[in-house]
Structure formats: structure tokens, C-alpha cells
Amino acid sequence: MDSRPSHAHELVGRTILVTGANAGIGYWCVEKLAARGARVLLGCRSPERARTAVDAVVTHVPEADLRVIPVDLGSLDSIRSAAGEIGERLDAIICNAGVKTARPDARTADGFDLMIGTNFLGHFALLAQVASLLDDDARVVAVGSIAHRFARLDPDRLADPWRGSSLRQYGRSKAALMAFAVGLDRRWSGSALSALCAHPGYAVDPLTAPRPGLAQVPAPVRALAALSRPFVQGKDDGAAPLIHAATSPEAMSGEYWGPGGMLEFRGAPARVTASDEVRSPATGAALWAAAERMTGIRFPA
Ligand SMILES: NC(=O)c1ccc[n+]([C@@H]2O[C@H](COP(=O)([O-])OP(=O)(O)OC[C@H]3O[C@@H](n4cnc5c(N)ncnc54)[C@H](OP(=O)(O)O)[C@@H]3O)[C@@H](O)[C@H]2O)c1
């Protein structure tokens, strides 16, 4: 599949950081943004997997302008180093890196719950430390999930041990990241900076165009998965709402974009609605304070 769209090169001059860029939806954000001329910074924790992703992008977009930023979103030290290393102006950041399932005792390097620590606190810490690099009209895109509706978000209990469904804790971590973006939108009102949420719907590897070194799916699995195409989509298509939120003049600060099809599982990007809890100013403010307290990092005014 050729990633080159009809509007190739319209993003020349823009620099976009994508976290979790070496696999899945993050990879597809990189390939598609590079095909449109953007300079893309790949935030990845593994140099080997980052190299594989870069090689795959270049195979399809030979003129791609790419740079790898080593960053482990599960380590405040690593995030601090990455933020110090970037040293260039950013037009957008897609907060995509995510852990989707974990055991209750799984922890980040700093002792946070793995999903809350990586998906939310890691991106909070990254954004706080690269805020000075953002261009005047930069955009931040928080990658949410339909699962944000599956959990209550109690900002004062983010550090509490959890039991039961990993999906619920995942949903909580995604709700927290989304509420952070909603809070950023409020904080940035009156400026040209934008903060949005976006989600990829239900996006799976077997429906995704193959790329060398990325998720290898046996042909029989691919053939069987084709039957599910009316309901779900590939990660290549799942990247579309994220890219739309990061680049389209149509997408505005404070909005939430996802696939417009049935149950938001698949389809072209459309405006969707986040839960009341994610949009609540009180929850957002409490969450913000909790993130600063837990990470010890103050978000710059
Ligand atoms: N797929 C879906 O249907 C779906 C639905 C809703 C939301 N989402 C969200 O979309 C995003 C991407 O999902 P996906 O399906 O593409 O997942 P994926 O294929 O598992 O890719 C996840 C990416 O995040 C990276 N990552 C995980 N932990 C990290 C850390 N500590 N530091 C840096 N990078 C880290 C992974 O890097 P490694 O290779 O090093 O592990 C990988 O590049 C996630 O935020 C997910 O919650 C996905």
C-alpha cells in the first residue's frame, strides 16, 4: 500500500512528535504524516524497534524526514532526558504510546501503576517538560479509547491498588489522559495552542497492511480476520482520527475525534463525545493536581 495521499507535501515545515511510534497505530501516524511531508520525531523506548520502524517507513516513503527520540514513558528519568534532547520546535505531539493490559502489580520505573503511569503520568510529564518547545499554534492530541467509559475516575485514588478487570484500569488511564487534554484546552483558551482527544476505534493488526518487521500476521489469520472488516478496522485506518486531530483545519481545540461508523469502531474521522467525567472541570482540576503531586513536576503556566 502506498501511503502517499493526493495532498502529499502539505505538511512540509511541520514537526510532529509521535510517542509509541514503532508499532501499531503510532507507526501508521508516522508513515502517513511523513508521506504528507511532515518531519516526524519517533518517541520510542527500544532503539532496535525504532530502527525497524524507520526502515519500514523509508521503504514506503523514501523522502521521509525522521528522527528517533529515545523515551520510555514509564520512566520519569527517561522522559526528562528525552525532553532535554529534543531541542527543536514542535507543531504537534500525538500522545499515542500506551499499555493496554497489565497485571495489578505491574509498575513503572517510578513505582506507579503501569497503565496510569505510562498512559497518563508519562505523557503529563513529557508535555510539562516540552511545553517550551511548542510553536504558538501547536496541537497536542491525547489518544483516548472507547474504554474511557468503562471506569470511574477518582483523581485522589490514582495511586490506589486495583483489583479485577485490567480493561477497567486501562479505561481509567485513558480517561485520565483525555481529561488532561480537556484541562489543557481550558488552560490554553485565549492562545492559539490546541489540545484535542482522538481515538482509533477498534483497530487490529490482522486487518492492517503488512510492514517489514512490524506485527507479523500469518496468512490464514489475515484471511479469517477479513470477515470482521465490516465491524472493525486496521491500525492504518485507526491512525486517521489521530492524524486528523493533529493536522486538520477542521479539528478545533477541545474536540474529540474518532471513527464515525457504528459504535465508533471503524470509519472516517468524525467528531465524537467524551464522557461527562472526562469533560468535568472539577475532575480535570483535581487530576491535574494529582499528576503534579505524583510526578513532582509542575506544568508551566
Ligand atoms: N488498537 C485499538 O483498537 C485501540 C483502541 C483504543 C485506543 N487505542 C490506543 O491507541 C494507542 C496505540 O495502540 P496500538 O493498538 O497501536 O498498540 P500497540 O500496537 O501495542 O503499540 C503500542 C505502542 O506504545 C509503545 N509503548 C508502550 N509502552 C511504552 C513506554 N513505556 N514507553 C514508550 N513507548 C511505549 C509500544 O512500544 P514497544 O514496542 O516498545 O512496546 C508501541 O510502540 C494506545 O494508546 C492505545 O491505548 C488503541
Side-chain angles (χ1 to χ4, degrees), residues 17-31 41-54 56 68-79 81-82 94-102 106-110 112-123 125-126 141-150 166-167 169-178 181 197-208 211 213-217 225 228 231-243 245 256-259 263-267 272 274:
L17 169 64
V18 181
T19 66
N22 61 282
I25 293 155
Y27 169 83
W28 284 99
C29 287
V30 177
E31 185 180 312
L41 310 189
L42 294 85
C44 303
R45 62 177 158 178
S46 153
E48 295 75 26
R49 291 194 288 277
R51 171 52 49 199
T52 301
V54 166
V68 172
I69 305 292
V71 61
D72 180 346
L73 271 298
S75 158
L76 293 177
D77 278 349
S78 168
I79 293 166
S81 305
I94 301 181
C95 301
N96 165 79
V99 180
K100 292 183 286 191
T101 179
R107 292 280 173 270
T108 67
D110 305 286
F112 303 132
D113 167 72
L114 189 64
M115 289 189 281
I116 293 285
T118 307
N119 303 356
F120 168 47
L121 296 174
H123 284 115
L126 179 68
V141 178
V143 177
S145 167
I146 295 167
H148 84 272
R149 298 181 184 285
F150 300 168
S166 171
L167 180 62
Q169 181 68 358
Y170 167 71
R172 192 171 288 128
S173 73
K174 286 281 141 177
L177 178 62
M178 293 169 67
C197 298
H199 80 89
Y202 197 142
V204 299
D205 288 316
L207 293 180
T208 307
R211 286 293 181 263
L214 271 69
Q216 303 300 309
V217 181
S228 64
F231 312 106
V232 300
Q233 59 186 357
K235 296 192 176 183
D236 36 7
D237 289 331
L242 284 53
I243 293 173
Y256 180 30
W257 285 79
L263 301 174
E264 299 173 23
F265 277 12
R266 70 187 307 280
V272 293

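Counting starts at 1 for both ligands and their atoms, following the listed order. Remember, it's a predicted structure, so these values are computed and weren't measured experimentally.
A search for side-chain hydrogen bond (donor to acceptor under 3.5 Å, both in side chains) contacts involving Ser166 returns Thr101, not counting sequence neighbours. With sequence neighbours excluded, the residues that form a ring-ring contact (aromatic ring centres under 6.0 Å, His included) with Phe265 are Tyr202. With sequence neighbours left out, His199 forms a ring-ring contact (aromatic ring centres under 6.0 Å, His included) with Tyr256.
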Could you go through ligand 1 and list every pair where one of its N or O atoms sits under 3.5 Å from a protein N or O, giving the atom names and the distance to one decimal?
| from | atom 1 | to | atom 2 | distance (Å) |
| --- | --- | --- | --- | --- |
| ligand 1 | 1 (N) | Ala203 | O | 3.0 |
| ligand 1 | 3 (O) | Gly201 | O | 3.4 |
| ligand 1 | 3 (O) | Ala203 | N | 2.8 |
| ligand 1 | 3 (O) | Ala203 | O | 3.3 |
| ligand 1 | 15 (O) | Lys100 | NZ | 2.6 |
| ligand 1 | 15 (O) | Lys235 | NZ | 2.9 |
| ligand 1 | 16 (O) | Ile25 | N | 2.8 |
| ligand 1 | 17 (O) | Lys100 | NZ | 3.2 |
| ligand 1 | 19 (O) | Lys235 | NZ | 3.1 |
| ligand 1 | 24 (O) | Gly98 | N | 3.3 |
| ligand 1 | 28 (N) | Arg45 | NH2 | 3.4 |
| ligand 1 | 31 (N) | Asp72 | OD1 | 2.8 |
| ligand 1 | 31 (N) | Gly74 | N | 3.4 |
| ligand 1 | 32 (N) | Leu73 | N | 2.9 |
| ligand 1 | 37 (O) | Asn22 | OD1 | 3.4 |
| ligand 1 | 39 (O) | Asn22 | ND2 | 2.8 |
| ligand 1 | 39 (O) | Arg49 | NE | 3.0 |
| ligand 1 | 40 (O) | Arg45 | NE | 2.8 |
| ligand 1 | 40 (O) | Arg49 | NE | 3.2 |
| ligand 1 | 40 (O) | Arg49 | NH2 | 2.7 |
| ligand 1 | 41 (O) | Arg45 | NH2 | 2.7 |
| ligand 1 | 43 (O) | Gly20 | O | 3.3 |
| ligand 1 | 43 (O) | Asn22 | OD1 | 3.0 |
| ligand 1 | 45 (O) | Asn96 | O | 2.6 |
| ligand 1 | 45 (O) | Lys174 | NZ | 2.7 |
| ligand 1 | 47 (O) | Tyr170 | OH | 2.5 |
| ligand 1 | 47 (O) | Lys174 | NZ | 3.1 |

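Under the 3.5 Å distance criterion, the side-chain polar atoms of Asn119 are left unmatched by any main-chain donor or acceptor of Lys174.
A distance of 6.0 Å separates CG in Leu126 from CG in Leu17, rounded to the nearest 0.5 Å.
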query: Hey, mind stepping through Arg172 and Phe120 against side chain to side chain contact (heavy atoms under 4.5 Å, CB included) and telling me if it holds?
result: CA-CA 9 Å; Arg172 192 171 288 128; Phe120 168 47; over 6 Å; no
